[in-house]
There are 2 protein chains.
Amino acid sequence: MPTASAGAAAASAFAAHDHARCAAETLAQAEAVAVAAGLRLTPVRRRTLEILLESHRALGAYEVLDRLAAEGFGRQPPVAYRALDFLVDAGLAHRVQRLNAFAACMHPGRAHQPVFLICRSCNAVAEVPAAAVHAAVAAAAPPGFAVERVTAEAVGLCASCRGAAA
Amino acid sequence: MPTASAGAAAASAFAAHDHARCAAETLAQAEAVAVAAGLRLTPVRRRTLEILLESHRALGAYEVLDRLAAEGFGRQPPVAYRALDFLVDAGLAHRVQRLNAFAACMHPGRAHQPVFLICRSCNAVAEVPAAAVHAAVAAAAPPGFAVERVTAEAVGLCASCRGAAA
DNA sequence: GATTGACCTGTTACAGTATCACATACCATA
DNA sequence: TATGGTATGTGATACTGTAACAGGTCAATC
Ligand SMILES: [Zn+2]
Ligand SMILES: [Zn+2]
Ligand SMILES: [Zn+2]
Ligand SMILES: [Zn+2]
């Protein structure tokens, strides 16, 4: 089976899809990325990523922490923050500034400059590639300013929530 | 003198400029906007805006609160948050998500979809118009997703800090 | 085998950010 | 004056994030 299947599954946060497979494939990709980079996906870190992958939502650090503590891991904030920071640094998760929360990366390994789409009704978060957005930001900056990192997040209504409201 | 003077002053967060005039003009514009919209720029609110206008930086809520308290206003968090929320709702200030902080709007009144440029060295924050960025985000969203609000923030090095580093 | 050192996990304590709940003051207008 | 809406002040509390330190694991090295 070609890699197209993984790509297709990961692209569908706002569409009905086989999420168990979506999560499993993304986790497998993440593991491969970690191995390739010489990073250790230890039990806490792996479990944290699995928790994030359970849904296409962004979870607060303390939400993750509660889950970890219930499963026998530490129950102090640094436990969750360290695991989450590791995942973010490794490119396996992203921080959603607007929500002070974290979401699993749906395209681990590939260089990507994600834009996040947040549904204000169902709280789903989708990660879409948007090199054009980053280019537009760089173009908007004054000549002397060297853009290093861009965060772009949009709030709105997903298709199904829009349908439900009507 | 045409309005070009105000525009020129406001556009120069990362350039040397007469900031006293820059701040005074922006404050005057903000007052006009508030009057036109039937909003009350009360003493706390006005002073809060003045504090934000003192520099082209984003200030944390508690930083603002300390200033307000020192000047005889209330010293409880809601005092600052209410004033800041009012200014944001009125379009006279913006929240910088990345910094959990607030900055005065440099183009009050005009409809604008700002992008923020944050210098990681001197902490200056510039607000540049970037309709193209928002168009790019809308274009990147899947067909069913209705984008309502976009926040775009870039971290980097401003011209003068880049010069100082070299 | 013992030692070292890097890294990981866990803890305590605390700092920073944001909101709730309620009381009070102010202001417009009937 | 009475009344209702808006704005402000206060205390308490919830939420988010970090510093600093202690012990454990593991592999490389002596
Ligand atoms: Zn999925
Ligand atoms: Zn939705
Ligand atoms: Zn200025
Ligand atoms: Zn700078």
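Sequence lines set the chain letters: A, B, ... in the order given, protein chains first and strands last, and positions in each chain run from 1. As a basis for the values below, the full set of heavy atoms in this structure was taken, side chains included, without hydrogen atoms, waters or symmetry mates.
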Aromatic-base stack, A:Tyr62 on D:dT16, cutoff 5.5 Å, angle under 30: yes
Mind checking whether B:Leu68 and B:Arg47 have side chains closer than 4.5 Å, heavy atoms only? yes
Between atom CD in B:Glu71 and atom P in D:dT8, what is the gap in whole Å? 15 Å
Do A:Glu153 side-chain atoms and A:Arg98 backbone N/O form a donor-acceptor pair below 3.5 Å? yes
At less than 4.0 Å, is any side-chain N or O atom of A:Gln76 found next to OP1 or OP2 of C:dG10? Yes or no. no
Between B:His17 and B:Ala15, is there a donor-acceptor pair closer than 3.5 Å when you use the side chain of the first and the backbone of the second? yes
Assert: residue with more 5' nearest nucleotide on DNA chain C, out of A:Phe86 and A:Arg75, is A:Phe86
If only side-chain N and O atoms of B:Asn100 are considered, is one of them under 4.0 Å from the OP1 or OP2 phosphate oxygen of C:dG16? no
Taking for each residue the nucleotide of DNA chain D with the nearest heavy atom, is it B:Thr42 or A:Ala101 whose nucleotide lies nearer the 5' end? B:Thr42
Nearest-angstrom distance from the residue atom CG of B:Leu41 to C1' of D:dA7: 13 Å
Establish, with yes or no, whether the OP1 or OP2 oxygen of C:dC8 is under 4.0 angstrom from a side-chain nitrogen or oxygen of A:Arg45. yes
Shortest non-hydrogen pair, B:Glu127 vs B:His94, comes out as OE2-NE2, 2.9 Å
Between C:dT17 (P) and A:Leu99 (CG): distance, integer Å: 18 Å
Check every atom of D:dG17, D:dA12, C:dG10 against the side chain of B:Pro77 and return the nucleotide holding the closest atom. D:dA12
What is the distance from CZ of B:Arg95 to C1' of C:dT17, rounded to the nearest Å? 9 Å
Integer-rounded Å distance: C:dT19 P and B:Leu65 CG: 14 Å
In whole angstroms, how far is the C1' atom of D:dA19 from the CG atom of A:Asp85? 14 Å
Base of D:dG9, side chain of B:Arg82 - is there a donor-acceptor contact under 3.5 Å? yes
So that I can tick it off, tell me whether B:Arg67 and B:Glu54 are bridged by a salt bridge, with the cut-off set at under 4.0 angstrom between side-chain N and carboxylate O. yes
Could you state the atom-to-atom distance from OH of A:Tyr81 to P of C:dG16 in whole Å? 15 Å
Using whole Å, report how far CZ of A:Phe102 lies from P of D:dT16. 10 Å
Find which nucleotide of DNA chain D each of B:Gly74 and B:Arg40 is nearest to by heavy atoms, and output the residue with the more 5' nucleotide. B:Arg40
